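Here the structure comes first, spelled out in structure tokens, and everything after it is commentary.
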Amino acid sequence: MSFWDWQSNARRTTRWLVLLFVLCVLASLLAVHGGLTLAWWLLFAPLGLDYPRGFVATNVGVTLLLILGGWWLTYEQLSEGGRKLAQRIGAREARPGSALAEQQLCNIVQEMCIAAQMRTPQVVVLARADAINAFAAGWTQQDAVIAVTQGALDYLTRDEMQGLVAHELSHLKEGDTVLNMRLAGMVSGLELVYHFGENLRERGALAWWFGNAVMAAGFVGFLGGRLLKAAVSRQREYLADARAVQWTRSRDALGGVLRKVLMQRLQAQLHAGGWQSDRRSHTGLDHPLVQHMLLAETPHSSRLEHWLDAHPPLQERIARIYGRPMRALPLERQAQA
């Protein structure tokens, strides 16, 4: 399959998943109303009491208010833009005049932006992160940033750095950051519905019945929303991988990056307590607002949690790029001037 077919399939699948996400939100509204209706019927129908006036409008209105409220809170948290987010996690602006690797990185970003016909984002470095990783953030191209770890600067060749940068530029070009943040806001709203039912249940008496109904509906909606959001994110990763192959015209560019990331993970598994546990802390990679944006995140251990991963498995991405499974590449520090 060519990279054009990869992109077409990823975009088409994304559209279907976003439609399912919208249906999941609507289903949550109906589920909350249905749960409250059932609770009322069990408690008051035997007494001959009819539903109060505005019962439907109140149920749907409060649920919708919670969902939109969660979306608004997430938007307020992230509306400061990519540059403020980079500052919050400890990233610094790249210094092309002081290090050859950072000069090369800035040159590559400018070159790839010309090829992609887009505005050059600010380049920042996570100087305390030894893992090979990167992320792109920003609501608009005016506040967009590309963050690269020190590990990427140390271990990647120039061609591989091109593949890494092309992958992150694709996220900015395709608007993936905005899409993911909007879906994350809706998921937060669905979570608020669950917590509202939890608080209602704690009041006891009749509220216990209504709280359980809201909690059940909220949990199903929240779980479904998280699963669909993760599925959308995985499709955008496939799309960014295909874009990187298109712009660099090389499978080894991004493929080499992912194979070296795979080697780091294998080394971490062999040396328990290695960089994943010690050096990951306080490097910016462990920030909750950043983890889903990374080139590669740490996968979950259980099968159920695997469905919540924002990234496809590394081996699967590598096999897609090369058309067959490939081994991990050894890590060699690049010569620095």
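All of these numbers come straight from a predicted model, not from anything done at the bench. What you see below is based on every heavy atom in this structure, not just the backbone, and it leaves out hydrogens, waters and symmetry mates.
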By salt bridge (Lys or Arg N to Asp or Glu O under 4.0 Å) - contacts of K260 (at least two apart): E160
Side chain to side chain donor-acceptor pair (under 3.5 Å) involving E111 - partner list, sequence neighbours excluded: R158
Sidechain-backbone polar pair: T149 side chain, A131 backbone, donor-acceptor under 3.5 Å: yes
Identified side chain to side chain contact (heavy atoms under 4.5 Å, CB included) partner of T120 from the options L169, V109, I146: V109
Partners passing salt bridge (Lys or Arg N to Asp or Glu O under 4.0 Å) against R243 (at least two apart in sequence or in another chain): E174
Under the side-chain contact (heavy atoms from CB on, under 4.5 Å) test, residues paired with L64 that sit two or more places apart: L29, L68
Salt bridge (Lys or Arg N to Asp or Glu O under 4.0 Å) involving R15 - partner list, sequence neighbours excluded: none
Pairs involving residues 145-168, ordered by first then second residue, that meet ring pair (Phe, Tyr, Trp, His ring centres under 6.0 Å) (sequence neighbours left out): H167-H171
Residues in side-chain contact (heavy atoms from CB on, under 4.5 Å) contact with A217, at least two apart in sequence or another chain: A31, V32
For E93, side-chain contact (heavy atoms from CB on, under 4.5 Å) partners two or more places apart: Q122
Residues in salt bridge (Lys or Arg N to Asp or Glu O under 4.0 Å) contact with R317, at least two apart in sequence or another chain: E237, D241
Pair listing, ring pair (Phe, Tyr, Trp, His ring centres under 6.0 Å) test, anchored in residues 212-250, at least two apart: none
Partner set under side-chain contact (heavy atoms from CB on, under 4.5 Å) for A137, not counting sequence neighbours: L85, F135, V145, M293
Listed once per pair and sorted, the ring pair (Phe, Tyr, Trp, His ring centres under 6.0 Å) pairs that draw on residues 173-201, sequence neighbours left out: none
